[in-house]
Protein chains: 2
Amino acid sequence: MSTAFKTAPPFSHRTVAASAADAIRRKIFDGELKDGEPLRQDLLAAEFGISRTPIREALVQLEAEGLIRIEPHKGAVVREASVADIEEIFELRHLLEPVLLERSAPSLAAADFDHIEAILDEYSAELRNHNVKRWGELNTLFHTALYAKAERPQIRAIVDKLLTASDRYTRLQLLHTDGLKRAEKEHAEIVTLCRKRKFAAAADVLRSHILVVKASLLDFVARRG
Amino acid sequence: MSTAFKTAPPFSHRTVAASAADAIRRKIFDGELKDGEPLRQDLLAAEFGISRTPIREALVQLEAEGLIRIEPHKGAVVREASVADIEEIFELRHLLEPVLLERSAPSLAAADFDHIEAILDEYSAELRNHNVKRWGELNTLFHTALYAKAERPQIRAIVDKLLTASDRYTRLQLLHTDGLKRAEKEHAEIVTLCRKRKFAAAADVLRSHILVVKASLLDFVARRG
DNA sequence: CGATTGAATATTGTATAAAATCGACGACCT
DNA sequence: AGGTCGTCGATTTTATACAATATTCAATCG
């Protein structure tokens with residue numbers, strides 16, 4: 001099984017450690033590594049055919065991203081998220097994403113909106129296919145495309161982390177279909193309002209959209225918990 | 001010259017790498033390592049009397065914190081903050097800190113307020129001594145003490161990073177005295193309002209306080225730039 | 001004289017080996 | 001029986017050795 005960084009050309013201007021971080025991150029998002037599961041340096045190094053040194057660097061990186069937890073001399077485990085964590089993630093999104101939208105949307109060109117709507121079209125298609133994994137990716141793509149012109153790199157970095165974290169739960173099929181349909185409508189509404197340059201209104205819809213998704217997620221967790 | 005982690009007892013439940021990160025972080029905050037200055041692994045390892053491996057981990061950690069920048073095969077440099085970066089830091093503080101205050105303040109006990117006011121007293125004393133370094137520490141302490149009961153660990157983590165980043169500039173003597181005096185008054189006002197359980201009003205003062213500090217900082221930068 | 005190429009050197013990135021730490025199991029004492 | 005201490009194996013952490021990459025600077029060519 002070839003991994004991403006093995007197939008990359010030798011001219012790749014990235015370190016092995018960075019690629020290893022990508023590979024491990026993907027394994028976590030794909031559920032290949034479940035919550036609480038220990039990440040043994042030996043095994044990861046052997047699996048990727050590299051030594052433990054870059055693995056260690058990758059783990060430090062992933063801990064900073066909040067994906068894993070490292071305890072000295074005990075090792076790294078995939079960080080399980082509590083209900084409180086999920087609530088906080090969406091609280092942050094609720095605070096930050098509208099800011100990005102209002103900064104970015106006025107600078108988006110017609111071509112940008114076309115691109116965004118193409119994402120939404122594929123989203124709708126995948127919705128019918130129940131392809132949750134791809135849906136999550138598209139959802140993240142949609143949000144980041146909206147914020148592309150915000151010129152707030154630090155806020156962007158935080159929001160990107162939050163989006164991937166959210167994605168982790170949605171990929172676990174934590175959302176039910178009516179929630180997804182509602183999201184579909186709200187996404188379209190946001191784009192429409194932005195095209196009409198009603199940015200404040202779009203931000204309002206975004207705010208309530210995030211609250212709805214949050215409620216939907218927490219409702220699902222409550223049902224099964 | 002002994003470093004923090006060398007004097008620590010051998011039972012310290014921290015890794016050498018983590019302590020090295022602390023030491024390097026301190027060097028940056030204290031201005032011992034200036035903006036744009038390269039961090040050579042060799043020298044740091046020799047200085048701390050350890051090998052390069054834990055130094056590398058510390059650097060990865062510090063990059064994740066946004067303090068340095070690492071380019072493959074070129075090395076790490078202290079990240080210089082642009083005016084835009086400073087603006088964004090304060091924009092984030094303006095967004096997030098009032099949320100923490102409103103969450104935390106209702107849970108603060110009388111003893112907590114006493115503690116906070118003790119910090120402010122020392123702050124005032126140091127203000128007369130023009131001890132900028134200690135002032136910065138106390139300022140950060142004041143804010144974090146206010147948010148102690150917020151129970152929002154992720155937001156706290158972000159704000160803590162923002163506060164230390166802000167501290168870096170204030171330590172560089174970037175604030176003039178009248179700004180500091182004004183901050184002194186606003187801090188006291190926030191505490192007073194919280195004691196009276198007027199939390200929303202306190203949050204408003206905090207918001208304008210952050211904006212004032214931001215303006216003061218940018219004004220100073222503009223003057224010298 | 002300026003631009004360019006290529007070896008020498010400095011520095012980072014990775015692999016491997018050594019040291020330190022933790023958890024568990026079992027012997028021993030009370 | 002219950003609890004404590006010490007040893008062993010597994011694992012992480014650090015050190016050292018080696019490889020890859022970038023930078024410097026002098027020699028060469030136009």
Side-chain angles (χ1 to χ4, degrees), chain A residues 2-25 27-28 33-34 36-64 67-79, chain B residues 2-25 27-28 33-34 36-64 67-79:
Chain A
S2 78
T3 55
F5 64 91
K6 273 200 158 179
T7 58
F11 310 118
S12 165
H13 281 292
R14 309 194 62 217
T15 66
V16 173
S19 307
D22 294 343
I24 298 172
R25 197 183 294 109
K27 282 170 95 71
I28 294 173
L33 292 168
K34 293 169 196 168
E37 190 162 331
L39 300 171
R40 284 216 1 240
Q41 303 174 359
D42 276 355
L43 299 184
L44 290 169
E47 179 176 351
F48 298 151
I50 61 178
S51 84
R52 293 210 319 266
T53 311
I55 294 286
R56 286 183 59 80
E57 281 184 33
L59 293 180
V60 171
Q61 173 73 33
L62 293 174
E63 184 183 37
L67 273 155
I68 67 176
R69 214 160 29 87
I70 300 179
E71 284 214 62
H73 295 106
K74 299 183 81 174
V77 297
V78 180
R79 222 179 86 160
Chain B
S2 78
T3 55
F5 63 93
K6 273 198 156 181
T7 59
F11 309 119
S12 165
H13 282 290
R14 306 196 64 215
T15 65
V16 172
S19 306
D22 293 343
I24 298 171
R25 197 183 294 110
K27 281 170 97 69
I28 294 173
L33 293 167
K34 292 167 194 166
E37 189 163 331
L39 301 169
R40 286 216 359 242
Q41 303 174 358
D42 275 357
L43 299 184
L44 290 170
E47 179 176 351
F48 299 151
I50 61 177
S51 84
R52 273 176 40 217
T53 312
I55 294 287
R56 287 183 58 82
E57 277 185 39
L59 293 179
V60 171
Q61 172 75 30
L62 293 173
E63 183 183 38
L67 272 153
I68 67 176
R69 216 159 28 85
I70 300 179
E71 284 215 63
H73 293 106
K74 299 184 85 176
V77 297
V78 179
R79 225 179 82 161

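In the text below, chain A, chain B and the rest are named by the order of the sequence lines, each starting its count at 1. Please read these numbers as outputs of a predicted model, since none were measured by experiment.
Regarding A/R40, its CZ atom lies at a distance of 14 Å from the C1' atom of C/dC22, rounded to whole Å. Rounded to whole Å, the distance from NZ on B/K74 to C1' on D/dT24 is 14 Å. In this entry the distance linking CD of A/Q61 with C1' of C/dG13 reads 16 Å, nearest Å. Summarising the geometry, the separation between CZ on B/R56 and P on D/dA15 is reported as 14 Å, rounded to the nearest angstrom. Nucleotide D/dT12 holds its C1' atom 11 Å from the CG atom of A/L59, rounded to whole Å. Atom CD of B/E71 and atom C1' of C/dT11 are 14 Å apart (whole Å). As a whole-Å value, the separation of A/I68 CD1 from D/dT12 P is 11 Å. A/I55 has its CD1 atom 14 Å from the P atom of D/dT13, to the nearest Å.
The side-chain heavy atoms of A/L62 and A/R25, taken from C-beta on, include a pair separated by under 4.5 Å. Contact annotation: the side chain of B/L59 approaches that of B/I24 to within less than 4.5 Å [non-hydrogen atoms, C-beta and beyond]. For the pair A/T53/B/R56, no side-chain contact is recorded, criterion being any heavy-atom separation below 4.5 Å from C-beta on.
The side chain of A/T53 contributes no N or O atom lying less than 4.0 Å from OP1 or OP2 of C/dT14.
In this model, a side-chain donor or acceptor of B/R52 finds a partner on the base of C/dG13 within 3.5 Å.
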Margin query: Show, in sequence, the C-alpha distance, side-chain angles and deciding distance for B/E57 and B/T15, and conclude whether the side-chain contact (heavy atoms from CB on, under 4.5 Å) test is met.
Written below: CA-CA 11 Å; B/E57 277 185 39; B/T15 65; 5.8 Å; no
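Contacts of B/L39 with the nucleic acid, taken as non-hydrogen atoms under 4.0 Å apart, involve only primed sugar atoms and P, OP1 or OP2. Residue-level contact check: B/Q41 touches the backbone only, with heavy atoms under 4.0 Å from sugar-phosphate atoms and none from bases.
Looking at the side chain of B/D42, the nearest of the listed nucleotides D/dT12, C/dT12, D/dT13 is C/dT12. Here the side chain of B/H73 is nearest to one of D/dT21, C/dT14, C/dT21, namely D/dT21. Comparing C/dT21, C/dA15, C/dG13 against the side chain of A/S51 picks out C/dA15 as the nearest.
Using a cut-off of 4.0 Å between Lys/Arg side-chain N and Asp/Glu carboxylate O, A/K27 and A/E47 are scored as salt-bridged.
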